[in-house]
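Predicted model only: the values in this text are computed from it and were never measured. We count ligands from 1, going down the list as the structure has it; atoms in each ligand are counted the same way.
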Amino acid sequence: MDSWWGLGEWSGHRGEKLSLYLITCPFCGEKGNFDTAFHAEKKKPNGHKVLNFDTLKCGNCASYVQVFWSAGDRLHDFRMVPWPLKLEKHPEHWPEAVGRYWLQAKRNLKDENWDAAALMARSSLQIALREHEAKGGNLKKEIDDLASKGVLPPIMQDWAHNVRELGNDSAHPAPGQEPTNPNDARDIVQFMDFLFEYLYTLPKRINDYRERSNS
Ligand SMILES: [Zn+2]
């Protein structure tokens with residue numbers, strides 16, 4: 001997005017009104033329980049695009065949050081400040097199981113549970129591959145299977161094998177084993193970000209683009 005006037009035009013959430021259920025109070029974590037304390041809007045000169053400037057008051061803890069939002073034809077999007085610091089959801093177009101493991105990997109990273117972060121990341125990788133109908137019965141074969149079908153490009157195949165090897169120790173622990181290196185755990189989780197971007201977010205964006213150009 002290269003202008004704020006583009007907010008809600010190319011990506012975002014369904015509907016042309018701000019969906020309060022998407023907003024989580026950054027202070028108490030309550031979702032969608034807000035009253036509008038202030039609203040202002042700015043209409044684009046010679047156009048009908050509107051930018052909305054809302055201050056919402058949480059019905060649970062009485063804190064305020066500023067929400068800037070705008071709608072396009074069928075979508076709307078928003079930015080808020082402050083935002084919840086706790087990572088509470090995965091992107092909604094990811095499969096639920098993939099997102100659940102990914103979220104736990106992220107949280108374990110934040111809490112410095114390096115073994116658990118590596119393990120959850122490795123598991124989210126495996127779910128995503130199986131969700132793409134990888135065959136083979138173990139992670140090594142599943143990675144190679146999807147690479148042979150062109151679902152994973154060679155660079156991702158290589159990297160997926162690195163993740164598999166790094167996560168292997170946590171998945172199949174032995175007595176007296178070394179703890180997972182924090183940098184390895186961070187690398188593994190970051191790979192998940194890239195991989196899921198590639199497997200889920202990129203196709204969705206291309207699809208959204210096609211829907212827009214056909215309408
Ligand atoms: Zn609150």
Distance-only donor-acceptor hits, side chain of residues 192-203, under 3.5 Å, sequence neighbours excluded:
| residue | atom | partner | partner atom | Å |
| --- | --- | --- | --- | --- |
| Asp193 | OD1 | Trp102 | NE1 | 2.8 |
| Asp193 | OD1 | Lys106 | NZ | 3.2 |
| Asp193 | OD2 | Lys106 | NZ | 2.8 |
| Tyr200 | OH | Glu131 | OE1 | 2.7 |
| Thr201 | OG1 | His93 | NE2 | 3.1 |
| Thr201 | OG1 | Trp94 | NE1 | 3.3 |

Evaluate the salt bridge (charged side-chain N to carboxylate O under 4.0 Å, His left out) criterion for residues Lys49 and Glu9: first the C-alpha distance (whole Å), next the side-chain angles of each, then the deciding distance (0.1 Å), finally the verdict. CA-CA 10 Å; Lys49 179 85 176 176; Glu9 291 292 323; 2.8 Å; yes

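- For Arg107 and Asn113, the side-chain atoms include no donor-acceptor pair closer than 3.5 Å.
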For residues 36-43, which side-chain N or O atoms pair as donor and acceptor with protein atoms under 3.5 Å away, sequence neighbours left out?
| residue | atom | partner | partner atom | Å |
| --- | --- | --- | --- | --- |
| His39 | ND1 | Asp54 | OD1 | 2.5 |
| His39 | NE2 | Glu41 | OE1 | 2.8 |
| Lys43 | NZ | Gly47 | O | 2.8 |

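- Not a single donor-acceptor pair under 3.5 Å links the side chain of Lys110 to the backbone N or O of Ala105.
- Within the protein, the number of N, O or S atoms lying under 2.8 Å from the Zn ion (ligand 1) is 4.
- Within the structure, the ring-ring contact (aromatic ring centres under 6.0 Å, His included) test picks out the following pairs touching residues 52-82 (sequence neighbours left out): Trp4-Phe68, His13-His76, His13-Phe78, Phe53-Phe68.
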